[in-house]
Amino acid sequence: KTAKEHRKVERRRLENAITGTRTGTWEWNVSTGETVFNERWAEIVGYTLAELAPISIDTWASLAHPDDLKRSGELLDKHFRGELPYYECEARMRHKLGHWVWVLDRGCLMTRTEDGQPLMMYGTHQDITDRKETEKKLSMAAGVFKYAREGIIITSAGGKILDVNAAFSGLTGYAHGEVVHQDYSILYSDRHSDRFISSMLKSLAEEGVWSGEYWMPCRNGSAFPSLLTIAAVRNRSGEVEHYVTLVADISNLKQNEDELRLIAHYDNLTGLPNRILLTERLRHAMSVARRRNELLAVVFLDLDGFKEVNDTYGHAAGDELLTILAERMNDALRECDTVARLGGDEFVVLLPDLSGKGDCTPVLGRLLATLSAPARLGENWAHVSASLGVTLYPQQTMVKADTLLRQADLAMYQAKQHGKNQYRFFSSTGTLTEAD
């Protein structure tokens, strides 16, 4: 081939490479400012060359972001002085539609004037907007990964742990090297059943996400309650590339829930169940009694002489007495029984699992005995007793839990009126003093 044919082939190859890589090109006469761009150079920012005419180096300057144009000028000066073998600058250019487009601007000074001044420079523009957006997202993700207070676990599609952040190590005590490359199953908790884990994995497979409360195991063998969120990250083909797990410690939240549950269901002074919890247990016991064809008793209890203790020794002593008697009643009852405080010196005792009316008589006797025993309050002794009203369930007609409490309350007043320190049974026709 002649030299001319060879140059022609090389030129065609260069043109094809430029077209194939969608690269913008520029030629710049540094001394005059004359510049030649190809169509792709203009297309990157939404124009045709005709729309940008007349073309010069000022065309580039008018489209470039001022901050990036300044940095470009500094890099060009270094290149012209020979400090940099090539010029390279990432810069934003204003698109025709108004948004910024990132370009990688590269070039090299090829000729100089006789006195050594820059003359002809050639270069390219490549659209790197997608890459910059990806870098931005990765940078944001890296920041979240590094500084998030939640533990983060990155897992392969096959279940191998690829990375964990510092927060995860702080929460669990596992060092980075102790879990990376391990199977995710090392974080399975024995506080959850195989069925629970299977349900979690099924949700991940079908929906790509699972979220719920999870006991996260720690290196020292303990575990803490967490809100766990596992999400699948897919590629453009829809295939799972990896999983991201977020671990939020909810120990304080669970503790607050427990405290609120105590406040909502238990008496603040004695620690006994309150009316709300008593009603729940009573309704449950009624359901069980019907199903098993058993009997239960509801005992309404009011202290005799409590007002005199309060008046004589003060409210603090009265509170102390209530606490002592609450403990005594708990000790006198069976494990399945419940004693609840309604308020003041009124209590209710629930006696489930009875085969007959006479089964509750020994318990009632123990309650009367333990409540009438003297109680030491500092240097003083207090003497009280109790009046008990009892009603049984089931009855001939359907009744509700509130009805049982009212019946027991009425029977208790009968006990008061008949001399106190005794129990009375409720009946629709009157009250009985003894069990059958």
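Residues take their numbers from the sequence shown, with the count starting at 1.
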Looking at Arg149, I want to see if its CZ is surrounded by more than 12 non-hydrogen atoms of other residues, nucleotides or ligands under 6.0 Å. no
cation_pi(Lys160, Tyr184) dist<6.0 Å, angle<=45: no
Residues Arg40, Glu43: salt bridge by 4.0 Å N-O rule: yes
Do Leu405 and Val298 come close enough that some side-chain heavy atom pair is under 4.5 Å? yes
Sub-3.5 Å donor-acceptor pair from the side chain of Arg191 to the main-chain atoms of Trp215, do we have one? no
Ser156 versus Leu162: any side-chain heavy-atom pair under 4.5 Å? yes
Show, in sequence, the C-alpha distance, side-chain angles and deciding distance for Leu296 and Leu350, and conclude whether the side-chain contact (heavy atoms from CB on, under 4.5 Å) test is met. CA-CA 7 Å; Leu296 68 82; Leu350 173 60; 4.0 Å; yes
Is the closest side-chain heavy-atom distance between Asn220 and Tyr174 below 4.5 Å? no
Please examine the side chains of Leu301 and Glu346, heavy atoms only from C-beta on, and report whether any two atoms are closer than 4.5 Å. no
Is it true that the side chains of Ser72 and Tyr87 contain a donor and an acceptor less than 3.5 Å apart? yes
Let me see the working for Ser387 and Asp304 under side chain to side chain donor-acceptor pair (under 3.5 Å), right down to the final yes or no. CA-CA 7 Å; Ser387 298; Asp304 308 319; 2.8 Å; yes
Does Thr48 offer a backbone N or O that forms a donor-acceptor pair with the side chain of Glu51 under 3.5 Å? yes
Taking all atoms of both residues into account, what is the closest heavy-atom pair of Met200 and Ile230, and its distance? SD-CD1, 3.8 Å
Output yes when a side-chain donor or acceptor of Asn274 lies under 3.5 Å from a complementary backbone atom of Ala340, and no otherwise. no
With a 4.5 Å limit on heavy-atom distance, are the side chains of Leu246 and Leu228 in contact? no
Does Asp311 CG have over 12 foreign heavy atoms under 6.0 Å away? yes
Got a sec: does the CG of Asn235 have more than 12 other heavy atoms crowding it under 6.0 Å? yes
Pairing donors with acceptors under 3.5 angstrom, does anything connect the side chains of Asp58 and Ser62? no
With a 4.5 Å limit on heavy-atom distance, are the side chains of Leu282 and Met286 in contact? yes
Taking Ala175's backbone N and O only, do any of them form a donor-acceptor pair with Glu178's side chain (distance below 3.5 Å, no angle check)? yes
For atom CZ of Arg275, is the number of surrounding heavy atoms from other residues, nucleotides or ligands below 6.0 Å larger than 12? no
Polar contact flag, side-chain donor to acceptor under 3.5 angstrom, Trp26-Asp105: yes
Side-chain donor or acceptor of Tyr214 paired with backbone N/O of Ser189 under 3.5 Å: yes
Please check this pair: side chain of Thr59 against backbone of Ser56, looking for a donor-acceptor N/O pair closer than 3.5 Å. yes
Quick check: do Ile161 and Asp183 have side-chain heavy atoms less than 4.5 Å from each other? no
Exceeds 12 heavy-atom contacts within 6.0 angstrom, atom NE2 of His284: no
Donor-acceptor pair, distance only, cut-off 3.5 Å: does the side chain of Asn330 make one with the backbone of Thr338? no
Sub-3.5 Å donor-acceptor pair from the side chain of Arg376 to the main-chain atoms of Glu379, do we have one? no
Hydrogens and angles aside, do Ser372 and Ser385 bring a side-chain donor and acceptor to less than 3.5 Å of each other? no
Is any side-chain heavy atom of Leu321 less than 4.5 Å from a side-chain heavy atom of Leu377? yes
Judged by modelled atom types alone, do Tyr413 and Arg424 share a side-chain donor-acceptor pair under 3.5 Å? no
Would you check if the side chain of Thr270 reaches a backbone N or O of Leu272 as a donor-acceptor pair within less than 3.5 Å? yes
Would you indicate whether Arg131, at its atom CZ, is surrounded by more than 12 heavy atoms from other residues, nucleotides or ligands within a distance under 6.0 Å? yes
Kindly state whether the ring of His95 and the ring of Trp100 have centres lying under 6.0 angstrom apart. no
Would Lys132 and Glu90 pass as an ion pair if we require N to O under 4.0 Å? yes
Aromatic rings Tyr423 and Phe425: how do their planes relate, parallel, tilted or perpendicular, breaks at 30° and 60°? perpendicular
Without swapping roles, check the side chain of Asp337 against the backbone of Leu333 for a donor-acceptor pair under 3.5 Å. no
Thr25 and Trp41: CA distance, side-chain angles, deciding distance, side-chain contact (heavy atoms from CB on, under 4.5 Å) verdict: CA-CA 6 Å; Thr25 63; Trp41 189 96; over 6 Å; no
Does the separation of the ring centres of His125 and Trp102 fall below 6.0 angstrom? no
Donor + acceptor pair across side chains of Asn165, His176 (<3.5 Å): no
Which atom pair, heavy atoms only, marks the closest approach of Gln422 to Ala415? O-CB, 3.6 Å
Between His79 and Tyr86, is the gap from one ring center to the other below 6.0 Å? no
For the residue pair Asp249 / Ser226, report whether a side-chain donor-acceptor contact shorter than 3.5 Å exists. no
Decide whether Thr124 and Arg106 meet the rule of one side-chain donor and one side-chain acceptor closer than 3.5 Å. no
